[in-house]
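All values reported here derive from a predicted model rather than from experimental measurement.
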Amino acid sequence: MDNFVFQNPTKLIFGKGMISSLSKEIPLDKKIMVTFGGGSVKRNGVYDAVKSALANHDYIEFWGIEPNPSIETLRKAIALGKENKVDFLLAVGGGSVIDGTKLISAGLCYDGDAWELVKKGRYMKTVPLATVLTLPATGSEMNSGAVISRSETKEKYAFYSNFPVFSILDPTVTFTLSKRQVACGIADTFVHVMEQYMTTPGQSRVMDRWSEGILKTVVEIAPAIRNGSNDYDLMSDFMLSATMGLNGFLALGVTQDWCTHMIGHELTALHGLTHGATLAIVFPGTLKVLREQKKGKILQYGERIWNIVEGSVQERIDRTIEKTEEFFASLGLSTRLHQEGIGEETIAEIERRFNERGVAFGEAANVTGSVARKILESVI
């Protein structure tokens, strides 16, 4: 294992009815802004639970943080927060609401335009932030990262600030999620783990087994929850898998990839495709193009997750990639660009963007614009 320093300060508050703990977790002397996405929290009871818990607190509300949160919307939230001297933020929603609120927390402490912070990539002076998670997927409730879009230029970048102070995870709030939301959440969770696992074999038995445990769990529960479920234990496993998949635990001392995510972000920026849906398309292509580089780990993954142990090395790799693609397809997600009406023009633009920025992703830092093109062409 490589040297590492690890710290995750987020307090997890997990279980049925735990939204009520907001009343004691947030100090009464704080001026709170509660951030929301659309109106689903009013239909599933979360909004009423939050209001009840904050009955004795001073707070305002900001609505309308969209999927793939845009700087255009977040600027409005920052202005409202500054006007009302907000000194605590509560994000109520899925990863997009939480991501957007992370930028708000930094923007409230910054005198310039918040897009400058996004381009910087990191800003550590922030207003404290907590979350009530309603959609398991991104792990944003227990990490310091966010991804912010700019609609006018069709750009999307990662941004890092401080961790949430605490996050409340009540699995019952997932019972009303749509089939599409669950499917994309499963795909997002799966590929988050893969970006930390599918690199070089032999780095850490502990990290490998932690990752494989989450992958096995997601594969096992997916058939039962892909159309939605009211099973508390199943949705607890789903929710906790998503959180544990990207809170730093799986990355301790090992190399990471993230090229699938970077390519996926561009698909979202250019076409508005849901993040998890982009990963289901791109990740099998990453395995196809980088199969020799990742050979040892693909074979290990195929054996331990899909029980693929027979045949030649190349046959086992082929079958493992096929099983991965079949898994995403079983969720009802597209696994080819043409299924989403995406073709050569988009591939060329993503290659151009990678080359213009001089980026090279992956554990070997070799996924340049030309390699990104090959990955996308393999799943066209």
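In this structure, Val289 is not a member of the same hydrophobic cluster as Val313, with clusters built from ILVMFWY side-chain heavy atoms closer than 4.5 Å. Tracing side-chain contacts under 4.5 Å through hydrophobic residues (I, L, V, M, F, W, Y), one reaches Val206 starting from Phe6; they form part of the same cluster. Cluster annotation: Leu133 is connected to Ile168 through the hydrophobic network of ILVMFWY side chains, with a link wherever side-chain heavy atoms come within less than 4.5 Å. Each of Val132 and Phe62 belongs to its own hydrophobic cluster when Ile, Leu, Val, Met, Phe, Trp and Tyr are linked at side-chain heavy-atom distances under 4.5 angstrom. Tracing side-chain contacts under 4.5 Å through hydrophobic residues (I, L, V, M, F, W, Y), one reaches Ile221 starting from Trp306; they form part of the same cluster.
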Give the intermediate values and the outcome of side chain to side chain contact (heavy atoms under 4.5 Å, CB included) for residues Gln314 and Ile317. CA-CA 5 Å; Gln314 295 306 321; Ile317 291 174; 4.3 Å; yes
Worked verdict on Lys294 versus Glu363 for salt bridge (Lys or Arg N to Asp or Glu O under 4.0 Å): CA-CA 10 Å; Lys294 296 178 179 290; Glu363 71 272 14; 3.0 Å; yes
Step by step, work out the side chain to side chain contact (heavy atoms under 4.5 Å, CB included) result for Arg150 and Thr153. CA-CA 6 Å; Arg150 187 178 182 184; Thr153 55; 3.3 Å; yes
Can you list the steps and then say if Val147 with Lys156 is a side chain to side chain contact (heavy atoms under 4.5 Å, CB included)? CA-CA 7 Å; Val147 186; Lys156 185 174 183 179; 3.1 Å; yes
If you apply the rule side chain to side chain contact (heavy atoms under 4.5 Å, CB included), what do you find for Asn84 with Met33, and how did you get there? CA-CA 9 Å; Asn84 287 272; Met33 181 160 75; over 6 Å; no
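Proximity of Lys154 to Glu266: side-chain heavy atoms (C-beta onward) are nowhere separated by under 4.5 Å. Side-chain contact between Ile375 and Val282 is present, with at least one heavy-atom pair separated by less than 4.5 Å. Using a 4.5 Å heavy-atom threshold, the side chains of Ile186 and Ile225 count as touching.
The pair Lys11-Glu25 meets the salt-bridge criterion, with a side-chain N (NZ, NE, NH1 or NH2) lying under 4.0 Å from an Asp/Glu carboxylate O. A salt bridge between Arg336 and Glu325 is present, with a side-chain N of the basic residue lying under 4.0 Å from a carboxylate O of the acidic one. The pair Arg352-Glu349 meets the salt-bridge criterion, since a charged nitrogen lies less than 4.0 angstrom from a carboxylate oxygen. Look at Lys120 and Glu116 and you find no salt bridge, because none of the NZ, NE, NH1 or NH2 atoms lies under 4.0 Å from a carboxylate O. Salt-bridge annotation for Glu212 and Arg209: present, with a side-chain N of the basic residue lying under 4.0 Å from a carboxylate O of the acidic one. One finds a salt bridge joining Asp318 and Arg291 here, because a Lys/Arg side-chain nitrogen approaches an Asp/Glu carboxylate oxygen to under 4.0 Å.
For the residue pair Ser70 and Glu66, a side-chain donor N or O sits within less than 3.5 Å of a side-chain acceptor on the partner. No side-chain N or O of Ser151 forms a donor-acceptor pair with one of Glu155 less than 3.5 Å apart. For the residue pair Asp231/Ser229, the side-chain donor-acceptor check at 3.5 Å is not satisfied. Under 3.5 Å, the side chains of Asp2 and Gln203 contain no donor-acceptor pair of N or O atoms. No hydrogens or angles considered: a donor-acceptor pair under 3.5 Å links the side chains of Thr324 and Tyr301. Thr255 and Thr199 share a side-chain donor-acceptor pair at under 3.5 Å. Under 3.5 Å, the side chains of His275 and Thr138 contain no donor-acceptor pair of N or O atoms. Neither side chain, Thr10 nor Ser167, offers a donor N or O lying under 3.5 Å from an acceptor on the other.
Looking only at distances, a side-chain donor or acceptor of Glu315 sits under 3.5 Å from a matching main-chain atom of Ser312. Distance alone, capped at 3.5 Å, places no donor-acceptor pair between the Thr335 side chain and the Ile281 backbone. Under the 3.5 Å distance criterion, the side-chain polar atoms of Asn68 are left unmatched by any main-chain donor or acceptor of Ala269. In this structure, the side chain of Thr346 does not engage the main chain of Ile342 through any donor-acceptor pair within 3.5 Å. Judged by distance alone, the side chain of Thr174 and the main-chain N or O of Pro171 form a donor-acceptor pair under 3.5 Å. With hydrogens and angles ignored, the 3.5 Å screen pairs no side-chain donor or acceptor of Glu303 with any backbone N or O of Gln300. Checking side-chain atoms of Asp170 against main-chain N and O of Gly17 turns up a donor-acceptor pair under 3.5 Å. Not one N or O on the side chain of Ser52 forms a donor-acceptor pair closer than 3.5 Å with the backbone of Asp48. The backbone N or O of His261 lies less than 3.5 Å from a partner atom in the side chain of Glu195, making a donor-acceptor pair.
Residues Phe190 and Phe328 bring their aromatic ring centres within 6.0 Å. Side-chain rings of Tyr59 and Phe88 stay apart, their centers remaining 6.0 Å or farther from each other. Between Tyr47 and Phe36, the gap from one ring centroid to the other is short of 6.0 Å.
Residue pairs that meet the side chain to side chain donor-acceptor pair (under 3.5 Å) test with at least one member in residues 93-102, sequence neighbours left out, are Thr35-Thr101, Asp99-Ser140, Lys102-Ser140, Lys102-Asn143. Applying the ring pair (Phe, Tyr, Trp, His ring centres under 6.0 Å) rule to pairs touching residues 354-380 yields Phe354-Phe361, sequence neighbours excluded. A ring pair (Phe, Tyr, Trp, His ring centres under 6.0 Å) check over residues 200-247, counting only residues at least two apart or in different chains, returns nothing.
Taking CG of Leu103 as the start and OH of Tyr160 as the end, the distance is 14.0 Å to the nearest 0.5 Å. Between the OG1 atom in Thr278 and the CZ atom in Phe283 there is a gap of 12.5 Å [rounded to 0.5 Å]. Atom OG1 in Thr260 sits 10.5 Å away from atom NE2 in His265 (nearest 0.5 Å). Atoms OG1 and NZ, from Thr368 and Lys374 in turn, are 8.0 Å apart once rounded to the nearest 0.5 Å. Separation of atoms CG (Leu215) and OG (Ser241) is listed at 9.0 Å; rounding is to 0.5 Å. A distance of 4.0 Å separates OG in Ser334 from CD in Gln339, rounded to the nearest 0.5 Å.
Residues Cys184 and Leu333 come closest through the heavy atom pair SG-CD2, 3.9 Å. Smallest separation of non-hydrogen atoms from Gly93 and Ile98: O-CD1, 4.1 Å. Heavy atoms only, all atoms of each residue included: Val182 and Arg226 are closest at CG1-CA, 4.0 Å. Listed here is the closest heavy atom pair of Pro128 and Asp87: CD-O, 3.5 Å. The two residues Ile26 and His57 make their nearest non-hydrogen contact at O-NE2, 2.7 Å.
Of the candidates Leu234, Val173, Thr189, Leu135, Val173 is the only one forming a side-chain contact (heavy atoms from CB on, under 4.5 Å) with Met239. Here the options are Ile65, Leu80, Val86, the test is side-chain contact (heavy atoms from CB on, under 4.5 Å), and the partner is Ile104; only Ile65 passes.
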